Trainee: 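To start, I am sharing the structure in question, which I have written as structure tokens.
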Amino acid sequence: MEQESEAAPKEIHADTQGQSFPVFGLAHLFGFELLPRIRNFRDLTFHRPEPGVRYRHIDALFGEPINWQLIENHWQDLMKVAISIREGELSSITLLRRLRHDSKRNKIYRAFRELGRVIRTMVLLRYVSDATLRENITRATNMVESCNNFSKWIGFGNNGVIAENDPEEQEKAIKFNTLVADLVMYQTTLDMSLVLNQLRSEGEAVHRTDVAIMSPYQEDNVRRFGDYIYDLNAPLEDMEVHLHLGEETAA
């Protein structure tokens with residue numbers, strides 16, 4: 001939400017840890033779809049729209065019904081929270097810390113959780129019935145994981161562990177690592193483009209489908225420790241190979 005580019009994403013992908021009921025509800029209020037790749041989604045509970053609703057073949061997937069009255073009673077509160085975050089008056093991180101699983105006495109948490117149950121049930125129903133959606137989610141999540149792994153590979157110092165306890169220093173370390181990784185990706189993309197353009201100028205066919213599977217997260221072309229140039233033809237200097245230990249060592 002803080003990015004200042006012209007991009008206006010309508011879909012946000014995440015892995016299992018990037019989703020929860022409140023997060024689904026908050027994403028819906030912000031106007032975009034949260035489409036995570038959820039591990040073991042078969043173990044998740046779908047929620048019924050009404051207590052007496054039953055379904056053929058898939059009824060075993062559904063559990064307790066949605067409490068629509070709870071959502072209606074706190075709808076204005078939910079909208080106030082979303083507007084406050086969008087206007088910068090409230091940090092989304094601060095809010096999500098308050099909407100933890102141990103906040104069940106919090107009415108706002110319960111309302112966000114109930115709205116999230118509705119949205120996640122709809123997403124899961126789409127997920128199990130739409131093969132194309134499953135492929136898109138898997139492809140997008142794999143791409144994000146590849147990017148994160150590349151950034152981690154770039155930030156090899158101290159095995160990627162941030163030793164600073166100062167939040168500002170931690171943020172700087174993350175941003176600088178991301179900046180370096182982005183610059184390397186950008187240079188790799190330029191190099192790949194030059195090669196592809198050269199192939200085309202030489203009459204080689206370059207297909208869009210082939211380019212689509214190419215990735216800028218290359219490691220073979222990056223020397224993280226710098227260039228080490230060896231001149232194997234350079235003459236060797238004379239070396240003193242005799243070890244002088246002195247007379248005392250004879251004993």
Side-chain angles (χ1 to χ4, degrees), residues 1-9 11-20 23 32 34-40 91-93 96-97 134-202 204-241:
M1 293 183 62
E2 296 179 358
Q3 59 94 14
E4 298 178 356
S5 70
E6 296 180 355
E11 297 178 355
I12 303 296
H13 297 276
D15 215 330
T16 303
Q17 292 77 11
Q19 58 84 35
S20 66
V23 174
F32 58 80
L34 177 63
L35 299 175
R37 183 181 63 184
I38 304 176
R39 182 176 59 252
N40 298 328
S91 168
S92 57
I93 298 177
L96 291 176
R97 286 174 178 171
R134 294 196 297 272
E135 293 175 359
N136 291 339
I137 290 176
T138 301
R139 185 184 301 111
T141 310
N142 288 343
M143 188 180 303
V144 172
E145 289 181 345
S146 298
C147 180
N148 291 337
N149 290 334
F150 182 77
S151 297
K152 183 178 180 180
W153 181 77
I154 288 293
F156 60 90
N158 199 28
N159 292 323
V161 177
I162 301 177
E164 297 287 344
N165 291 325
D166 186 351
E168 292 187 0
E169 294 298 322
Q170 294 175 351
E171 184 176 1
K172 284 196 297 184
I174 295 173
K175 287 186 175 180
F176 291 159
N177 172 248
T178 302
L179 175 61
V180 174
D182 288 345
L183 291 173
V184 175
M185 295 176 204
Y186 180 66
Q187 183 62 55
T188 301
T189 303
L190 289 178
D191 295 340
M192 293 166 60
S193 300
L194 291 174
V195 173
L196 292 173
N197 289 333
Q198 181 179 354
L199 290 174
R200 291 188 60 186
S201 65
E202 296 173 355
E204 297 289 341
V206 178
H207 302 286
R208 182 179 296 272
T209 54
D210 295 331
V211 177
I213 63 174
M214 298 177 66
S215 170
Y217 312 132
Q218 304 292 332
E219 299 178 1
D220 296 339
N221 61 318
V222 181
R223 294 184 177 90
R224 295 180 296 176
F225 299 97
D227 288 331
Y228 295 87
I229 302 175
Y230 300 94
D231 185 359
L232 299 180
N233 297 321
L236 296 177
E237 298 180 359
D238 294 335
M239 301 176 60
E240 177 63 51
V241 296

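Here the structure is a predicted model, which means the values were calculated and not measured.
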Trainee: For H13 and L35, indicate whether the former's side chain and the latter's backbone hold a donor-acceptor pair under 3.5 Å.
Mentor: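 Judged by distance alone, yes, a pair lies under 3.5 Å.
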
Trainee: Judged by atom type as modelled, is there a donor-acceptor pair below 3.5 Å linking the side chain of N177 to the main-chain atoms of K152?
Mentor: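 No: the side chain of N177 does not pair with the backbone of K152.
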
Trainee: Got a sec: does the CD of Q17 have more than 12 other heavy atoms crowding it under 6.0 Å?
Mentor: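 More than 12 heavy atoms, drawn from other residues, nucleotides or ligands, come within 6.0 Å of this atom.
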
Trainee: Give a yes or no on whether the backbone of N233 and the side-chain of D231 come within a donor-acceptor separation of less than 3.5 Å.
Mentor: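 Yes, the answer is positive, given that a donor and an acceptor are paired below the 3.5 Å cut-off.
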
Trainee: Surrounding OH of Y186 (heavy atoms of other residues, nucleotides or ligands, distance under 6.0 Å), is the total greater than 12?
Mentor: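 It does not: Y186 OH has 12 such atoms or fewer within range.
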
Trainee: Is a donor on one side and an acceptor on the other found under 3.5 Å between the side chain of T16 and the backbone of R39?
Mentor: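 Flag set: sc T16 to bb R39 pair under 3.5 Å.
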
Trainee: Assess whether atom CG of D166 is packed by more than 12 heavy atoms of other residues, nucleotides or ligands within 6.0 Å.
Mentor: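 For D166, atom CG is crowded (more than 12 foreign heavy atoms under 6.0 Å).
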
Trainee: Evaluate the side-chain proximity of I174 to I162: yes if any heavy-atom separation is below 4.5 Å, no if none is.
Mentor: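 The answer is yes, as the side chains (C-beta and beyond) meet within the 4.5 Å cut-off.
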
Trainee: Considering non-hydrogen atoms only, spot the tightest contact between E164 and Q170 and give its length.
Mentor: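 Scanning both residues, the minimum pair turns out to be O-NE2, 2.7 Å.
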
Trainee: From N148 CG over to T178 OG1, what is the distance, rounded to the nearest 0.5 angstrom?
Mentor: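 That separation rounds to 8.5 Å.
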
Trainee: Check the surroundings of atom CD in E171: do more than 12 heavy atoms from other residues, nucleotides or ligands lie under 6.0 Å from it?
Mentor: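 For E171, atom CD is not crowded (no more than 12 foreign heavy atoms under 6.0 Å).
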
Trainee: To the nearest 0.5 Å, tell me how far L194 CG sits from M192 CE.
Mentor: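 Atom-to-atom, L194:CG and M192:CE are 11.0 Å apart.
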
Trainee: Are any of the side-chain heavy atoms of F150 and Q218 separated by less than 4.5 Å?
Mentor: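 Counting from C-beta outward, F150 and Q218 never come under 4.5 Å.
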
Trainee: When rounded to the nearest 0.5 angstrom, what distance separates CD in E11 from CD1 in I137?
Mentor: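 One finds 8.0 Å between CD of E11 and CD1 of I137.
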
Trainee: Side-chain contact test, heavy atoms from C-beta onward, threshold under 4.5 Å: evaluate it for C147 versus Y217 and give yes or no.
Mentor: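 Yes, close enough: below the 4.5 Å cut-off.
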
Trainee: State, with a plain yes or no, whether a side-chain heavy atom of S193 is found less than 4.5 Å away from one of L196.
Mentor: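 Result no, sub-4.5 Å side-chain heavy-atom pair not found.
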
Trainee: Are the side chain of R224 and the backbone N or O of W153 linked by a donor-acceptor pair below 3.5 Å?
Mentor: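 The answer is yes, because a donor-acceptor pair under 3.5 Å joins these two groups.
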
Trainee: Out of curiosity, L179 CG to I154 CD1, how far, rounded to the nearest 0.5 Å?
Mentor: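 One gets 11.5 Å once the value is rounded to the nearest 0.5 Å.
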
Trainee: Taking Q19 for its side chain and L34 for its backbone only, find out whether a donor-acceptor pair lies under 3.5 Å.
Mentor: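 No, because the side chain of Q19 does not come within donor-acceptor range (under 3.5 Å) of the backbone of L34.
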
Trainee: Between N149 and E145, is there a side-chain donor-acceptor contact under 3.5 Å, judged purely by atom types and distance?
Mentor: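 Looking only at side-chain atoms, N149 and E145 do not form any donor-acceptor pair under 3.5 Å.
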
Trainee: Under a 3.5 Å threshold, yes or no: a donor from one side chain and an acceptor from the other, between N197 and R200?
Mentor: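 N197 vs R200: no donor-acceptor pair found between side chains.
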
Trainee: T188 and N221: side-chain donor and acceptor closer than 3.5 Å?
Mentor: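 On atom types as modelled, these side chains qualify, holding a pair under 3.5 Å.
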
Trainee: With side chains defined as the heavy atoms from C-beta onward, is the minimum distance between P216 and Q187 less than 4.5 Å?
Mentor: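 Answer no - side chains too far apart.
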
Trainee: Salt bridge check: are K172 and E168 linked by an N-O gap of less than 4.0 Å?
Mentor: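 Between E168 and K172 there is no salt bridge, as every charged N stays at least 4.0 Å from the carboxylate O atoms.
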
